[in-house]
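Data block below; observations after.
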Amino acid sequence: MSEAYSSEEFLISVITRLLPERGNGAIGAASPIPGAAALLQRELTGGAFRVSLIHGITNNPFTDGGRELFDAAGQGRIDVFFLGGVQIDGQANLNLVGTGAYPSLDRRFPGSFGSAYMYFTVPRVILFRPEHSRRVFVDKVDFISAPGISPPDVHRPGGPHALVTELCVMSFDRAQGRFRLESVHPGHSVEEVRDNTGFDFDVPDSVPITPEPEPERLDILRAKIGREVAGTYPDFAERVLGYRAKASA
Amino acid sequence: MSEAYSSEEFLISVITRLLPERGNGAIGAASPIPGAAALLQRELTGGAFRVSLIHGITNNPFTDGGRELFDAAGQGRIDVFFLGGVQIDGQANLNLVGTGAYPSLDRRFPGSFGSAYMYFTVPRVILFRPEHSRRVFVDKVDFISAPGISPPDVHRPGGPHALVTELCVMSFDRAQGRFRLESVHPGHSVEEVRDNTGFDFDVPDSVPITPEPEPERLDILRAKIGREVAGTYPDFAERVLGYRAKASA
Amino acid sequence: MTIPDVDALAEQVPDGALLALPPDYSFVPMALIRALIRRGVKDLHVLAVPISGMAADLLIGAGCVRLMEAAAVSLGEAGLAPSFTRAVQDGSLKMRDSTCPAIHTALQASEKGVPFMPLGGIIGSDIVKYRDDWKVVDDPMGAGNGKILLLPAIKPDVALVHAPLADKYGNVWVGKRHELFTIAHAAKTTLATYEEIHDGDLTADPVLAAGTIPAMYISATAQVREGAKPLGLAGCYPIDMDHIRAYAKEARSQEGFDAYLKREVLGRQAEAAS
Amino acid sequence: MTIPDVDALAEQVPDGALLALPPDYSFVPMALIRALIRRGVKDLHVLAVPISGMAADLLIGAGCVRLMEAAAVSLGEAGLAPSFTRAVQDGSLKMRDSTCPAIHTALQASEKGVPFMPLGGIIGSDIVKYRDDWKVVDDPMGAGNGKILLLPAIKPDVALVHAPLADKYGNVWVGKRHELFTIAHAAKTTLATYEEIHDGDLTADPVLAAGTIPAMYISATAQVREGAKPLGLAGCYPIDMDHIRAYAKEARSQEGFDAYLKREVLGRQAEAAS
């Protein structure tokens, strides 16, 4: 990887390419990399792609309390959302609860948050989990916080669109219920992805290398987005984007 | 009837006696007499009986929009409400929709408002209909906006408590589904009530005369309540209680 | 880009739309209603949330309404709504009777994106008898809670609102009139007129945000001073009861209504921003 | 009548109560949480609306919680909630997993006084498998909408909130944090601490009313300046992340938690109004 950008900046650029030209993106509390990517896309689309940092002091348009994001998703007004997982399996099932046998888990994590709902209602859910290991990408999750696919008698306009990790980008085919490798990041290989993935996935004959960040986008990211994310992710803004917010509420 | 008070003041005093010592009373838009009675009771109880004028600029504590009154009633927080009717029958069924065969009515009235819900949720609904005639008090209403009684498999903490007209006060026995004459206003008779009521009702051996307004209550009504109701019922405040509001929003 | 005026907003309401209107006490965009009538909108399904007065009565009298859905239509202290009453009595208007919390609840169902919502009470009312879209069921939780009414979601095509304030981002401030939040959330789109422009972002102001409908629910705004008149706008101007009473009297006949319409609606070609 | 302080409010939370807590970003009454621990409250069923952090973790570590119900318990940027994680892993805490909109919806059911409410999505999540109070049914409207999840109403015994403003009538201003409206409407009663007293009636102010919970939902209030610290109060003071991070580290062992508890909670006998 070039010295010209950080790994976080690389991932931001990867995610930005997965975002639509217009619509509403919502970003949860603990997601600074997707948050920065979404704000960058807003900048690149001249505001046609709108961004809500749902727990942010700034860039948070919601005015009707904690349920408004979920209501808006149910109304079909949220086009992009980001989810992760302690474990993710080959059917895009997400586990945010813990590992081991529920309820007496070996390792307990915070919980499912809104995943079990947003995954059903948001058309383009981007899975973001930097750590690419067999510990994360398992054959079968220990607990399904949110299922990747649903039977036809369950109304489901939303679901998984793509997966971004430190190694690669995958897409998800909802009809087949399978991931497909779309590109491998510079310096990594298809074999490395396979070795570190505990589930089977489709691999095309030729797998492209994930493009590096466009320099002009890096400039925008560094010049404008740090200030934007500082209100919600002050640590991240300072550490990654070099923006130091003034101490204030 | 004495010259010392108006017929409206008399009815206000009658209704005030039907109100509890504490709790929440809510009053709809077109109910100035019940509104004045409730505000008088608030005064008499030192605020233990609380009053919401639901469409009022003043004395309107609701802050969560038009549904809050109904939600609060569903929560069991509204203890007293007032309803009327184009027609009321002996089972306390209310018709606020019109007379004749629905939907091609002979005479259309505004509609049921929230009666079909408040009648089920508010423990003490006071029916107030000054005009005491066989046109109003019918054997069977042409349209049931809100039923007086319900079968046991319908959850119903609320219902009719009493009826106040220009002639009398009746109570309602929910178990029997029947009205009972409680008192006849000064200058009127049981026979007059019977002649002008289209349904059968219980009459005790001895029917008291409805007490006249207590002079000290009249003083409070005139001195304090006019100003209170003027924000919501300016015409009424001026005409009945002699209070002229300044023209302002 | 031209600055949209009230007539441009009226163009965005298609014939046949399910149109949601606030009650008379809650920020009714009367100038926009008049513009709708001037544009000759037809076949509306008007939903009063949950009651209406002048706005519905004008649309009905002008022949714009195919179906009226409301808990009540009334001019309040000024008495019966004359066009509504006449149109129901002569059979020219189809009325879908409802009750206040049922309308709020059916909008909340759309707000949550669920196909129905339960509501207590109401069972035994003849309203239920004539609503074949409503359904009374035994407690579907199987918890022995008896019968309950289920209401299908109502999703308005367009909601209309007049607000005291809006900003250049398209955010609209309605204060505590939170039924307008629910309507805007439930409707496919919302058109808003407003009295004054707020300098800044209403959603970023910690005090004003509590009463602000964010721009994501609003498709167009236009400044119309005194845009709720002759109705009132709390905090700005009171209802003009003399006007409402005179209308109630004049519109008792269709001829009277037509005279009012010609003078007060069709004759006001442009309602300017200032 | 004495002016109630935070310890007087803590007396009003009975052992065994179903206690609703706002999320860390939304006006958590931390001083009241500490007072609850000092009073030795026991057997709480804590409901996070819909997530919690410091507040739940302190109550759990101090042994006050019988059952935790939440969509998540986390210290956010400071990582896992140490007492919660330890207590679930060692089996000493019963956890009822949920998901954010399910908690909001179950509170809305209580807000409306209905026994249940439907919610889209979620079916197929293992959360449903372990919730025997939830029910998946075929569309009870019979409209061919497929399967849907029904959630029973949750009615908290007590809700707690810290607000920027309150008035002498007991009205409490929370701005756009409308989940606190829903909690207060749903709960049997609400106890509120606040930073500053507002001179006048908050419900009568046309701007502040939009963010005010009326007194009819509030059973007691007490002034506690900086009452949300070490969490933040939007518009007043930011979260003290250094404190939260230090807690996250110290409380990784029960001994460390106990030291924190002794120093920061039990040692603060009275949190005064000023």
Side-chain angles (χ1 to χ4, degrees), chain C residues 101-102 104-105 108-122 132-153 164-165 173-178 180-182 198 202-214 233-236, chain D residues 101-102 104-105 108-122 132-153 164-165 173-178 180-182 198 202-214 233-236:
Chain C
H104 292 305
T105 300
Q108 286 185 281
S110 283
E111 182 178 57
K112 289 200 94 64
V114 289
F116 68 89
M117 218 177 249
L119 182 62
I122 305 176
D132 52 17
D133 54 335
W134 292 6
K135 191 161 182 179
V136 175
V137 300
D138 287 318
D139 176 14
M141 293 292 283
N145 284 311
K147 288 191 161 40
I148 192 153
L149 177 63
L150 305 182
L151 304 167
L165 293 174
W173 186 83
V174 298
K176 70 174 180 175
R177 298 267 42 115
H178 288 173
L180 301 174
F181 280 49
T182 311
H198 172 78
L202 284 160
T203 66
D205 180 299
V207 173
L208 293 171
T212 297
I213 304 173
L233 189 68
C236 296
Chain D
H104 292 304
T105 300
Q108 286 184 281
S110 283
E111 181 178 57
K112 289 201 94 64
V114 289
F116 68 89
M117 217 176 250
L119 183 62
I122 305 176
D132 53 16
D133 55 333
W134 292 7
K135 191 161 181 180
V136 175
V137 300
D138 286 320
D139 176 13
M141 292 292 282
N145 284 312
K147 288 191 160 39
I148 193 153
L149 176 63
L150 305 182
L151 304 168
L165 293 175
W173 185 84
V174 298
K176 70 174 180 175
R177 297 264 47 112
H178 289 172
L180 301 173
F181 281 49
T182 311
H198 172 77
L202 284 160
T203 67
D205 180 299
V207 173
L208 292 171
T212 296
I213 304 172
L233 190 68
C236 296

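Quick note on labels: first sequence line is chain A, next is B, and so on, each numbered from 1.
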Give the member of D/Val137, D/Ile148, D/Asp133 that has the highest number of heavy-atom pairs under 4.5 Å with chain C. D/Ile148
Closest contact, heavy atoms only, C/Asn145 versus D/Pro115: ND2-CB, 3.5 Å
Nearest heavy-atom contact between D/Pro118 and C/Val114 is O-CG1, 3.7 Å
For D/Leu151 and C/Met141, which heavy atoms make the closest approach, and how far apart are they? C-CE, 4.2 Å
Can you tell me which portion of C/Asp139 sits under 4.5 Å from chain D's heavy atoms? Options are side chain, backbone, both or neither. side chain
Checking heavy atoms, do the side chain of C/Pro206, its backbone, both or neither come under 4.5 Å from chain D? backbone
Mind ranking D/Trp134, D/Phe116, D/Trp173 by heavy-atom pairs under 4.5 Å with chain C and telling me who comes out on top? D/Phe116
Shorter than 4.5 Å, heavy atoms on both sides: which option in D/Lys112, D/His104, D/Gln108 has the most such pairs with chain C? D/Lys112
Where on C/Pro164 is there a heavy atom nearer than 4.5 Å to chain D: the side chain, the backbone, both, or neither? neither
Find the distance between CE (C/Met117) and CG (D/Leu119) and round it off to the nearest 0.5 Å. 9.0 Å
Sort out for me which of D/Pro140, D/Gly175, D/Pro152 touches chain C most, counting heavy-atom pairs under 4.5 Å. D/Pro140
So which atom in D/Ala210 and which in C/His178 form the shortest heavy-atom distance, rounded to 0.1 Å? O-CE1, 3.3 Å
